[in-house]
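Okay, structure first, notes after.
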Amino acid sequence: MQFWALIVDSFRESVDRKIFWVLVGLTLLITLVMLSVGFAGEEVTLFFGMWSTETDRFNPLSDIGRANLVGFVVYLLASTMMGWIGVTLMIIATAGAFPAFSERGALDVVLAKPINRARLFLYKYFATMVFVVLQGTLFFVLTFLVMWLRWGVWAPGYLLSIVFLVLLFSYLYCVSVLVAVKTQSAVAAILLTLFAWVLFALIHQAPSVFETFPDLKKRRTVYVAVRVASWIPPKTGDFPYLAARWSQAGTSIDALPYFDMDTATELERTQIERARQVEEQELAKNQFYSIGSSLLFEIVVVLLAMWTFARKDY
Amino acid sequence: MVGITEMTNWAVDLIDVRKIYGKTIHALRGVNIQVGRGEIFGLLGPNGAGKTTLVKIMMTVVRPTHALGTLLGRPLGHRGKLAGTGYLPEDHRFPGYLTGAQLLDYYAALGKVPRSRRKVNAAKLLDRVGMSEWATTRIDKYSKGMLQRLGIAQALMNDPELMVLDEPTDGLDPVGRRDVRELLLELKSAGKTVFLNSHLLSELEMVCDRVAILVDGLVARQGTLDELTEETVEYRIAFSGDARAIQEKVEALGASLGANVITVSGHDTGKVNAMIDLLRAADLSVESVQPHRFSLEDILVQVLADQSATPVARPVHP
């Protein structure tokens, strides 16, 4: 009952924000643009048939065409629009939730209810994610429907992007909440979260410097320290990769242009199959590492924020 | 330690409540307060005395440095018992995006009030505080007085055994204040306990059974209004004529001479008669003899003048 009350309250708080409707507008605009594009064999039409051209790269009747279409949507629209612009707007929109919730005079009545502070914090933490779940669901369901009904591309795995988007947001939101409960400032929460996002990306990319400059690997301590440090922060840059892998599951490898399964010999087919299995296992391991280590980071930060929230006087 | 029998008798039993902010600010220095069931209890004191801190500690909003005692028979801070309390904080801020009815439903749900009861109670209470017409209006459109009425309604949503109200008449006009007084008396007649923190001493005087005066983090006085005012009764004897000749005798008897008024402190009617005899003997005409009982305000001023506030002993029974 108490969790549901906080969810309903968070929903009302979300739809009261202008930024919520800006994101809805953005999603509808993207959906409209996607709707205006049509595919019929090798013919591609734009602006509802006003302009057309021919290309086999986006032919939805071929595996390659389907993979390219899904890849285009995932990398250009989902990743850029939702993974970057959307998540940034969501961080801005939700940064004020905890400062407003724990404002002097606002929290008093809530704390005087029969609910312990740790539970109250966690309920509020998850309830605030309603904003992201709503936005993510709207975006991915609408774009999925356009791909399916307008373009004829059936990619149910694409809907898993909702989960990946919520995960990406939650990795950053935990930082925002920690800053918010420490400082009571939405502005500080936004700035430090965006800073943390950039920092995470830099730390995650740091080991690649050693690949570019192999001589640096001779400094063993530094190398090991950088490798270990890169495991700690959440893997925020993996969102498009995860979304793409699951969206194209079962089609991507078949669609790789350098393998023609129809003309391959028996030996080649076996080798390709084996390579595919190895690749899938590697991908599964990477996904587990990416999500697992990021969630571990989030849990630690959330516990720290919860402890701060529970120990404070209001 | 507090015995089980005592634990069930008091609605509120605060023992040695202390709060230190940082390492140097002693907001509460060992407060003992007892409130009987069915009482309206008033807490008063100057700004910075620690009244709101004490209320917040009772409602678990602020964590005490040290505190013993019980609330509705369970140890202070017991979460379950908070379901049986209603709380109106001072300077509350309700979410502006909710309507009045939504706010009542939200807070009651957090208080574990079943949905069926929430709807009935909300309609009834909004009507009781005169806010029915505003039930579906967003709170950010409300005036301060309307917010206060809504705040009182939310504190009653769970039909609490104990109401803790911090400045409940703040922002209300005279009619609103009267409504609140009537509501408090209604609650009392229904057997509820009310713990009231207010700056408006006249309000407290009108409704409270017992009061405590908090000064500098300590309870300086505690008791019924009669108990508190008993020592502060005085008689004022008005007369006409020049009384300079008897000034020494008046002061020797422990009274004070003002401009055509002799003030005799306490309940000593013998002393009053002696003063009248003295005036008559000096051929002065006695015009009136009036007993005067101090108001809470007088008492508070007196307590503040006496900075040597010491903790009040805890009564044994409610």
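Each chain gets a letter, A, B and so on, in the order the sequences are listed, and its residues count up from 1. Bear in mind that the values here come from a model prediction, so they are computed numbers and not experimental data.
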Between A:E103 and chain B, which part of the residue has a heavy atom less than 4.5 Å away: side chain, backbone, both or neither?
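Side chain only.
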Select one option (side chain, backbone, both, neither) describing which atoms of A:F101 are under 4.5 Å from chain B's heavy atoms.
side chain
Using 0.5 Å steps for rounding, measure from the [atom1] atom of [X] to the [atom2] atom of [Y].
X	Y	atom1	atom2	answer
B:T60	A:I115	OG1	CD1	11.0 Å
A:R12	B:L103	CZ	CG	10.0 Å
A:R17	B:Y97	CZ	OH	8.0 Å
B:K112	A:Q2	NZ	CD	5.0 Å

Report, as yes or no, whether the 6.0 Å neighbourhood of atom [atom1] on [X] holds more than 12 heavy atoms from other residues, nucleotides or ligands.
X	atom1	answer
B:Y21	OH	yes
B:R93	CZ	no
B:W134	CH2	no

B:V113 versus chain A, the contacting section by heavy-atom distance below 4.5 Å
backbone
What part of B:F94 lies closer than 4.5 angstrom to a heavy atom of chain A: side chain, backbone, both or neither?
side chain
Choice from A:V15, A:D9, A:L6 maximising heavy atom contacts with chain B below 4.5 Å:
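Going by pairs under 4.5 Å, I would pick A:D9.
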In terms of heavy-atom pairs under 4.5 Å with chain B, which of A:L107, A:L120, A:D108, A:V8 leads?
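Among the listed options, the one with the most contacts to chain B is A:D108.
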Please check: side-chain N/O of B:K56 versus main-chain N/O of A:Y314, any donor-acceptor pairing under 3.5 Å?
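Yes; at least one donor-acceptor contact below 3.5 Å.
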How close do [X] and [Y] get, heavy atom to heavy atom, and via which atoms?
X	Y	answer
B:A109	A:A5	CB-CB, 3.6 Å
B:R138	A:D16	NH1-OD1, 2.7 Å
B:T85	A:A112	OG1-O, 4.4 Å

Determine which residues belonging to residues 174-187 of chain A lie within contact range of chain B, meaning some heavy atom pair is under 4.5 Å apart, and list them by number or answer 'none'.
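So no residue qualifies.
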Checking side-chain contact (heavy atoms from CB on, under 4.5 Å) for the pair B:R79/A:R119: CA distance, chi angles, key distance, verdict?
CA-CA 12 Å; B:R79 287 277 153 199; A:R119 185 176 295 182; over 6 Å; no
Taking every non-hydrogen pair under 4.5 Å, which of [options] racks up the most with chain A?
options	answer
B:Q154, B:Q102, B:M59	B:Q102
B:V61, B:D105, B:L88, B:D91	B:V61
B:P89, B:A155, B:A108	B:P89

Do A:M1 and B:R115 have side chains that approach each other closer than 4.5 Å (heavy atoms only, starting at C-beta)?
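When only atoms from C-beta onward are counted, B:R115 and A:M1 do not touch, as no gap falls below 4.5 Å.
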